[in-house]
Participant: 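Below is the structure I would like to discuss, written out as structure tokens.
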Amino acid sequence: MKILVSVKRVVDFNVKVRVKPDGTGVDLGNVKMAMNPFCEIAVEEGVRLKEQGIADEVVVVSIGPKACQEQIRTAMALGADRGIQIETDQELDSLAVAKLLAKVVEEEQPGLVILGKQSIDSDNNQTGQMLGALTGMPQGTFASEVNLVEGKVEVTREVDGGLQTLSLNLPAIVTTDLRLNEPRYASLPNFMKAKRKPLDTKSPADFGVDISPRLKTLKVEPPAERQAGIIVGSVDELVEKLKNEAKVI
Amino acid sequence: MRILVIAEHDNVTLKGATLNTVTAAAQLGDDVDLLVVGDNCGGAAEAAAKISGVSKVLVADNAAYSHKLAENLGSLVTELASGYSHVLAPATSTGKNFMPRVAAALDVAQISDIIAVESADTFKRPIYAGNAIATVQSSDSVKVITVRTTGFDAAATDGSAAVESLDKVTDAGISAFVKEELAQSDRPELTSAKVIVSGGRGMGNGENFSMLEQVADKLGAAVGASRAAVDAGFVPNDMQVGQTGKIVAPELYIAVGISGAIQHLAGMKDSKVIVAINKDEEAPIFQVADYGLVADLFDAVPELERQL
Ligand SMILES: Cc1cc2nc3c(=O)[nH]c(=O)nc-3n(C[C@H](O)[C@H](O)[C@H](O)COP(=O)(O)OP(=O)(O)OC[C@H]3O[C@@H](n4cnc5c(N)ncnc54)[C@H](O)[C@@H]3O)c2cc1C
Ligand SMILES: Nc1ncnc2c1ncn2[C@@H]1O[C@H](COP(=O)(O)O)[C@@H](O)[C@H]1O
């Protein structure tokens with residue numbers, strides 16, 4: 001079985017981004033970029049399925065500017081076999097990403113597509129589900145466990161009330177949650193090896209997909225700042241403040 | 001402007017998130033229909049009819065909808081959507097699961113997690129773990145929206161809407177329910193609790209959470225956790241508060257042994273009053289806390305419990 005994993009280049013999760021003074025967006029100049037953490041988990045899952053002999057090839061795809069080849073190389077250093085970059089400098093709605101991925105799915109015919117549940121920049125949590133609708137595939141979102149059994153995939157999902165397990169026909173879509181696995185680190189020799197793995201570059205036009213945005217960002221502003229509070233000296237004082245000052249207990 | 005809201009429920013009762021979503025819908029227009037999709041969901045439908053500001057409750061009651069499979073829910077809502085200018089669902093794990101399928105099937109973008117309605121086509125939503133708030137405008141014919149419930153008050157429940165059943169059944173037959181393990185608790189739900197006591201890695205292990213439970217019992221509070229506490233196996237995943245867990249905004253949030261990483265703050269910094277108990281006075285959680293107590297939690301929490 002072939003597995004397609006979709007990875008996004010985003011700001012590193014440790015960075016506290018700042019809004020640009022002109023309100024057009026956040027300042028990403030000189031900011032560390034990385035693979036979206038949920039996508040790292042997706043790559044790890046694909047690689048593990050290959051190591052278990054369940055998958056025979058892991059193909060990684062990323063859509064974005066030239067620099068997202070770094071994340072494709074990282075995924076290949078982690079064990080993916082080859083990469084596809086769809087190059088565009090335009091910021092894309094999840095719908096456009098899903099449409100491009102649907103074309104890749106059509107070409108590659110994977111048995112399983114693994115995506116992150118959410119990009120930590122847009123916080124959209126949409127692409128995998130959209131890809132499901134566009135390809136007619138079932139989905140197991142927010143996965144904390146993935147098992148291939150008898151031509152189907154069983155996915156345990158982190159839902160609001162606890163855990164839910166579904167059985168999906170293949171081909172299927174899985175989106176990863178934090179507890180699915182703990183991604184490995186790529187070693188230097190593996191980074192060297194990854195340089196020789198094939199990386200195909202395409203453009204949205206090659207797929208005939210209209211990626212013009214449906215959503216326009218009019219303004220980006222910082223959130224309301226909280227007023228700095230006080231340090232209390234004791235539990236007594238804390239309880240007194242909560243009762244008489246804040247009046248919340 | 002005709003607006004369709006998808007109700008969140010467990011067939012028997014309606015979840016609070018539905019009420020906040022109706023409030024968001026009412027800011028868009030006054031013709032709001034509510035869809036209850038479920039299996040033996042008469043109880044939820046009855047409760048739905050009492051929400052003020054709802055014109056009509058549509059009920060799709062069928063075994064195909066018993067476990068809210070995204071494929072089935074998605075196709076039903078897609079079919080119904082054509083008559084509406086806006087389709088809204090709460091940004092719960094159910095809403096997040098099926099709504100993007102609806103958007104893609106309609107060939108429209110989805111606007112996730114809105115916290116304010118600016119106009120019929122313009123909304124505010126947090127991005128970058130809440131470190132920025134974007135105002136976005138949609139040019140699509142149907143606006144598909146998930147609503148962050150902490151951004152809107154709950155609608156009143158003194159209405160009496162007409163109830164109409166739908167006989168349409170969409171069963172894609174490509175996914176099936178296997179099992180579920182749902183947390184059983186007598187405490188209030190995290191997302192609707194007025195008080196939350198949360199524990200982090202500093203709690204040390206799962207047993208120590210019983211200290212927080214005792215405080216929670218005295219305050220009628222829910223118990224939450226940081227990702228580190230969930231990852232370490234102290235508590236189940238449904239207790240995680242944060243950017244990628246639950247978003248909460250109670251009257252009082254007590255963070256115990258939690259450092260205050262941006263991903264955690266993203267889920268709780270809109271709480272009215274924040275208390276932090278941490279032995280490290282440099283912990284970032286103190287920057288958002290109204291009341292900070294620098295102390296060992298193993299002394300402070302039992303003492304707090306005694307004083308309540
Ligand atoms: C993609 C992604 C998504 C994430 N999503 C979330 C999310 O949704 N929610 C979330 O919470 N995190 C999330 N995180 C993780 C986040 O970055 C932090 O790692 C996590 O919040 C840390 O949890 P913590 O504060 O419990 O642990 P730590 O950072 O280890 O802090 C423990 C704290 O306990 C204090 N402490 C220890 N012992 C005691 C004691 N005896 N008495 C008093 N204080 C004590 C310490 O001083 C310390 O401040 C995410 C991370 C990533 C990469
Ligand atoms: N530009 C992109 N390139 C590749 N994959 C993407 C891209 N954008 C989103 N994805 C995938 O979709 C997941 C969810 O993203 P989102 O729906 O934007 O929150 C990510 O974790 C990726 O797996």
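Throughout, protein chains are lettered first and strands after them, A, B, ... in sequence-line order, and every chain is numbered starting at 1. No experiment lies behind these values; they were computed from the predicted model shown.
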Participant: Using only non-hydrogen atoms and a strict under-4.5 angstrom cutoff, which residues of residues 246-253 of chain B touch chain A?
Facilitator: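 Within residues 246-253 of chain B, the residues under 4.5 Å from chain A are B:K246, B:E251, B:L252.
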Participant: Please examine the side chains of A:I211 and A:K99, heavy atoms only from C-beta on, and report whether any two atoms are closer than 4.5 Å.
Facilitator: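 Sidechains of A:I211 and A:K99: no contact.
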Participant: Against chain B, label A:V153 side chain, backbone, both or neither, depending on which of its atoms sit under 4.5 Å from a heavy atom there.
Facilitator: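 Contact with chain B involves no heavy atom of A:V153 at all.
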Participant: Out of A:L134, A:N124, A:N125, which one racks up the most heavy-atom pairs below 4.5 Å with chain B?
Facilitator: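 The residue among A:L134, A:N124, A:N125 with the greatest pair count is A:N124.
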Participant: Heavy-atom cut-off 4.5 Å, strictly under: side chain, backbone, both or neither for A:E225 against chain B?
Facilitator: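 Neither part; nothing is under 4.5 Å.
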Participant: Would you call B:V108 and A:L95 a side-chain contact if the rule is heavy atoms closer than 4.5 Å?
Facilitator: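 With C-beta onward as the side chain, the pair stays apart.
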Participant: Between B:V102 and chain A, with a heavy-atom cut-off of 4.5 Å, which part of the residue counts as in contact: side chain, backbone, both or neither?
Facilitator: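 It is neither, since no heavy atom gets under 4.5 Å.
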Participant: Would you call A:D121 and A:K8 a salt bridge, using N to O less than 4.0 angstrom?
Facilitator: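 Salt bridge: yes.
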Participant: Where on A:D93 is there a heavy atom nearer than 4.5 Å to chain B: the side chain, the backbone, both, or neither?
Facilitator: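 For A:D93, the side chain is the part near chain B, not the backbone.
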Participant: With a 4.5 angstrom heavy-atom cut-off, is it the side chain or the backbone of A:T217 that approaches chain B, or both, or neither?
Facilitator: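 Both parts, backbone and side chain.
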Participant: Between B:I274 and chain A, with a heavy-atom cut-off of 4.5 Å, which part of the residue counts as in contact: side chain, backbone, both or neither?
Facilitator: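 For B:I274, heavy atoms of backbone and side chain both lie under 4.5 Å from chain A.
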Participant: Please determine whether a side-chain nitrogen of the Lys or Arg among A:R48 and A:E44 lies less than 4.0 Å from a carboxylate oxygen of the Asp or Glu.
Facilitator: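 Yes, this pair counts.
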Participant: Non-hydrogen atoms of chain B under 4.5 Å away: do they reach the side chain of A:Q118, the backbone, both or neither?
Facilitator: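 Only the side chain of A:Q118 comes within 4.5 Å of chain B.
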Participant: Under a 4.5 Å heavy-atom cut-off, does chain B meet the side chain of A:F38, its backbone, both or neither?
Facilitator: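 Looking at A:F38, just its side chain touches chain B.
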Participant: Non-hydrogen atoms of chain B under 4.5 Å away: do they reach the side chain of A:R18, the backbone, both or neither?
Facilitator: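 When you check distances to chain B, no heavy atom of A:R18 falls under 4.5 Å.
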Participant: Contact part of B:A295 toward chain A, heavy-atom cut-off under 4.5 Å: side chain, backbone, both or neither?
Facilitator: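 Neither the backbone nor the side chain of B:A295 comes within 4.5 Å of chain A.
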Participant: Does any heavy atom of chain A fall under 4.5 Å from the side chain of B:D270, the backbone, both, or neither of them?
Facilitator: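 Contact with chain A is through the backbone of B:D270 alone.
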Participant: Of the backbone (N, CA, C, O) and the side chain (C-beta and beyond), which part of B:R125 lies under 4.5 Å from a heavy atom of chain A, both, or neither?
Facilitator: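 Contact with chain A is through the side chain of B:R125 alone.
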Participant: What part of A:V19 is in contact with chain B, defined as an atom under 4.5 angstrom from a non-hydrogen atom: side chain, backbone, both or neither?
Facilitator: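 Just its side chain gets close to chain B.
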Participant: Could you check whether atom CD of B:Q307 has more than 12 heavy atoms from other residues, nucleotides or ligands sitting under 6.0 Å from it?
Facilitator: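 Yes, because the 6.0 Å sphere around CD of B:Q307 holds more than 12 heavy atoms from other groups.
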Participant: Quick check on A:S234 against chain B: is it the side chain, the backbone, both or neither that has a heavy atom closer than 4.5 Å?
Facilitator: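 The backbone, not the side chain.
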Participant: Taking the side chain as everything from C-beta on, heavy atoms only, tell me whether A:F207 gets closer than 4.5 Å to A:V104.
Facilitator: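 Yes, their side chains come closer than 4.5 Å.
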Participant: For a quick test of reading the model, state the closest non-hydrogen atom pair linking A:K20 to A:T24 and the distance between them.
Facilitator: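 The answer is CD-OG1, 3.7 Å.
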Participant: Do B:N97 and A:T141 meet the criterion of a side-chain donor-acceptor pair at a distance under 3.5 Å?
Facilitator: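 A pair is found: one side chain offers a donor N or O, the other an acceptor, under 3.5 Å apart.
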Participant: Which atoms of B:T191 are under 4.5 Å from chain A, going by heavy atoms: the side chain, the backbone, both sets, or neither?
Facilitator: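 The answer is neither part of B:T191.
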Participant: Side chain from CB out, backbone as N, CA, C, O: work out which of these in B:I111 comes under 4.5 Å of a heavy atom of chain A, or both, or neither.
Facilitator: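 Both parts, heavy atoms under 4.5 Å.
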Participant: Charged N to carboxylate O below 4.0 Å: is that the case for B:D290 and A:R226?
Facilitator: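 Yes.
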Participant: Between A:V26 and chain B, with a heavy-atom cut-off of 4.5 Å, which part of the residue counts as in contact: side chain, backbone, both or neither?
Facilitator: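 Answer is side chain: those atoms of A:V26 sit under 4.5 Å from chain B.
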Participant: Checking B:T92 against B:E8: is there a side-chain donor and acceptor pair closer than 3.5 Å?
Facilitator: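 There is such a pair between these side chains.
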Participant: Which atoms of A:A246 come close to chain B, meaning under 4.5 Å heavy atom to heavy atom: side chain ones, backbone ones, both, or neither?
Facilitator: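 For A:A246, the contact with chain B is made by backbone and side chain together.
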Participant: Between B:K194 and chain A, with a heavy-atom cut-off of 4.5 Å, which part of the residue counts as in contact: side chain, backbone, both or neither?
Facilitator: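 It is neither, since no heavy atom gets under 4.5 Å.
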Participant: Just wondering, more than 12 heavy atoms not from A:K216 lying within 6.0 Å of its NZ?
Facilitator: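 Not more than 12 within 6.0 Å, no.
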Participant: Just wondering, are more than 12 heavy atoms of other shown residues or ligands nearer than 6.0 Å to NZ in A:K103?
Facilitator: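 Result for NZ/A:K103: open.
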Participant: Report which part of B:E71 has an atom under 4.5 Å of a heavy atom belonging to chain A: side chain, backbone, both, or neither.
Facilitator: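 Interface part for B:E71: side chain.
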Participant: Answer with side chain, backbone, both or neither: which region of A:V159 has an atom nearer than 4.5 Å to a non-hydrogen atom of chain B?
Facilitator: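 For A:V159, the contact with chain B is made by backbone and side chain together.
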Participant: Testing the 3.5 Å rule here: is there a donor-acceptor pair between the side chains of A:Q126 and B:S112?
Facilitator: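 Side chains of A:Q126 and B:S112: pair found under 3.5 Å.
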Participant: Does the side chain of B:P90 come within less than 4.5 Å of B:K15's, by heavy atoms?
Facilitator: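 Counting from C-beta outward, B:K15 and B:P90 never come under 4.5 Å.
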Participant: Determine whether A:I120 and B:Q263 make a side-chain contact, defined as any pair of heavy atoms from C-beta on separated by less than 4.5 Å.
Facilitator: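 Contact flag for A:I120/B:Q263 side chains = no.
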Participant: Using heavy-atom distances under 4.5 Å, tell me whether A:K117 contacts chain B through its side chain, its backbone, both, or neither.
Facilitator: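 Side chain only.
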Participant: Side chain, backbone, both or neither: which part of B:I262 has a non-hydrogen atom closer than 4.5 Å to chain A?
Facilitator: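 For B:I262, the contact with chain A is made by the side chain alone.
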Participant: Return the option, out of A:R157, A:E221, A:K243, A:M137, with the maximum number of heavy-atom pairs under 4.5 Å with chain B.
Facilitator: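 Maximum pair count with chain B is reached by A:E221.
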